[in-house]
Amino acid sequence: MIELDGFGVDFSAFSLGPLSLTIRGGERVALVGPNGAGKSTTLKGICGLLPDGYLGHALVDGREVADVGPEVRRTVGLLPERMLGFGWMTVAEHLAFLSSFFPDWDGARVAELLRRLELPTDVKLANLSKGMQVKLSFVAVEGSRPPVLMLDEPTSGIDPLMRKEVVDLIREAVPEDSGRAVVFSTHILEDVEAVAERVLLLRAGRLIADTSVAALRADGEHGSVSEAIYSRLTAHD
Amino acid sequence: MTERPLRKLVELEMRRARPILTQTMLLGAVVLALLWALGWSTPGRASFVLGVIAVSGLWAVPTSIMRDKLDGGMEFLTALPIERTTLAAARLLAVLLFAVPAGAVGVLAIHVMYGSQFTGLGSVHAALVWFGALTLGSTVITALVVGVSCRLEVRHFSRLALIAFLAFVSLGELSDHLAPQWKPAALALAARPWFPQALVAGLLCAAALLLWLSFHLARTGFERYKPGRDRITW
């Protein structure tokens, strides 16, 4: 589904990679690392959203992202770190606008998500709280039903109750036998165990571990998955 | 380039311009009514108010680009699954749609100001020629502003304004200096029988070239846009 081969970027102040890995349908992958580790850059690169391109190869369904162009975003849906849209539009107008760009827009799924996430449709985007923005971004990305979901910190800034709802929705959106895949970045280590089976640990632009939640859980030295992740991230200091 | 996204993007521009157009037209109508009621109405004043209404409509699209760069709208648009050519084409189509009513208001303003003896507006043919010329001229100028606004970062605008001002002043000085030499030659050229047709053909070619340049600038502006560089927040 997604293949990275020597993928990376080389900016003057930051470099990422080279990353080489494969993500298959049905996988739920957590991308974990401190601020500036390269999580958002990786997600944006796979979505073809790096204006200066990337090094190496990023393939989605066997096609190079750079060659596919913006159309790749019909296959790979991104929930960005910061909500994108026009502040003067209401939630309903924003979703209606987006639906014009996705031929497979699923209006019934959008209505269901709006109800479950208790999102009012008549509020302007500029007046949404951070949590509401995250929720709307999730609805927007799920509306187009892309085969791959890229979620950049989908549970940040929302209250614990709603966080559980979002975690459940992510699990529900990508069942193991669905053929869909989700890659999500997070700083909330509890969410890793709640959602993912596979964990990629990034630090300073380098992939320091590509492991599974089961392997982290089985690591006898640490009391929990969160502690095992923390230990591996800090082991390189 | 698919039709539905293009239509949606043009509709977006129309909708964004609606408040400023409505406000300007209402304000213009109030000012015209006041001028008439107070007995201060002159052709010059009425024509000026009509001109302001026409120009405000034309500026709706370029100003929306600057706003998009500041409030994250550009980031949103460039993240949509559509080619940059569609984004650029939508802006220029919106420019054309706004230029049509602006051209009509412009003809009205000229008529109010000068009457039929100068414009020849007594005939429908002359009115149509003026309408076509004003619409095309305003489309080209506004499209160029749209292209430059897309291509340049907001922080470069002040530098561009300074360069444009210096170029304008320098060209004025230069033409004043050269006028005694080229004026007789220009008058002789204008007296040739083929001159009007050649002038129109030349202006149409220049308009086509400038429209192509505007489209190129807008497309590459969307392609090279770096998210967050000009953004303030909302």
Side-chain angles (χ1 to χ4, degrees), chain A residues 9 11 40-41 43-44 47-53 60 65-66 68-90 93-105 124-128 130 133 136-137 140-141 143-146 148 150 152, chain B residues 1-20 22-23 60 63-90 150-151 153 219-234:
Chain A
V9 297
F11 304 142
S40 298
T41 306
L43 297 181
K44 281 181 185 169
C47 295
L49 282 170
L50 295 175
D52 296 324
V60 173
V65 169
V68 180
E71 291 281 323
V72 76
R73 292 193 276 282
R74 294 208 170 102
T75 309
V76 187
L78 175 71
L79 181 155
E81 196 176 1
R82 189 175 52 213
M83 202 196 116
L84 301 178
F86 295 111
W88 51 269
M89 275 188 183
T90 63
E93 288 167 342
H94 175 69
L95 293 169
F97 180 76
L98 279 176
S99 69
S100 308
F101 300 91
F102 296 94
D104 299 327
W105 187 261
K124 288 188 173 169
L125 265 55
N127 297 332
L128 291 176
K130 173 77 170 79
Q133 289 182 18
L136 177 58
S137 295
V141 76
S144 62
R145 302 294 285 167
V148 184
M150 295 275 161
D152 200 354
Chain B
M1 201 187 299
T2 46
E3 192 193 325
R4 196 175 177 216
L6 184 70
R7 200 179 64 228
K8 204 70 190 173
L9 290 167
V10 174
E11 280 172 15
L12 174 76
E13 293 307 315
M14 308 304 272
R15 194 185 152 188
R16 290 206 280 189
R18 204 187 301 155
I20 187 166
T22 312
Q23 286 160 16
T63 49
S64 79
I65 291 170
M66 287 176 225
R67 206 170 52 192
D68 280 350
K69 288 194 168 187
L70 294 171
D71 69 6
M74 195 84 159
E75 209 170 328
F76 173 58
L77 292 172
T78 50
L80 292 172
I82 47 169
E83 294 293 338
R84 304 302 187 248
T85 46
T86 310
L87 290 169
C150 279
R151 190 68 184 81
E153 288 171 26
R219 184 178 57 78
T220 51
F222 280 114
E223 271 170 9
R224 297 179 194 191
Y225 175 69
K226 297 213 169 120
R229 186 160 284 187
D230 294 319
R231 183 173 167 135
I232 297 175
T233 190
W234 51 259

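Protein chains get the first letters and strands the later ones, always in sequence-line order, with residue 1 at the start of each.
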J.: For the residue pair Phe86(A) and Phe97(A), categorise the inter-ring angle as parallel (less than 30°), tilted (30 to 60°) or perpendicular (more than 60°).
T.: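 Answer is perpendicular, since the angle exceeds 60°.
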J.: Quick one, Leu12(B) with Leu77(B), criterion side chain to side chain contact (heavy atoms under 4.5 Å, CB included). Give me CA distance, side-chain angles, the key distance, then yes/no.
T.: CA-CA 11 Å; Leu12(B) 174 76; Leu77(B) 292 172; 4.3 Å; yes
J.: Side chain, backbone, both or neither: which part of Arg15(B) has an atom under 4.5 Å from a heavy atom of chain A?
T.: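 For Arg15(B), the side chain is the part near chain A, not the backbone.
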J.: What do you reckon, is NZ of Lys44(A) surrounded by more than 12 foreign heavy atoms closer than 6.0 Å?
T.: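 No, the 6.0 Å shell around NZ holds no more than 12 heavy atoms from other groups.
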J.: With chain A as the partner, which of Arg67(B), Arg7(B), Arg16(B) has the greatest number of non-hydrogen pairs under 4.5 Å?
T.: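 The answer is Arg16(B).
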J.: Which bit of Leu50(A) comes within less than 4.5 Å of chain B, counting heavy atoms only: side chain, backbone, both or neither?
T.: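 Nothing of Leu50(A), per the 4.5 Å heavy-atom cut-off to chain B.
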J.: Under a 3.5 Å distance rule, please check whether Gln133(A) uses its side chain to pair with a backbone N or O of Leu128(A) as donor and acceptor.
T.: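 The answer is yes, because a donor-acceptor pair under 3.5 Å joins these two groups.
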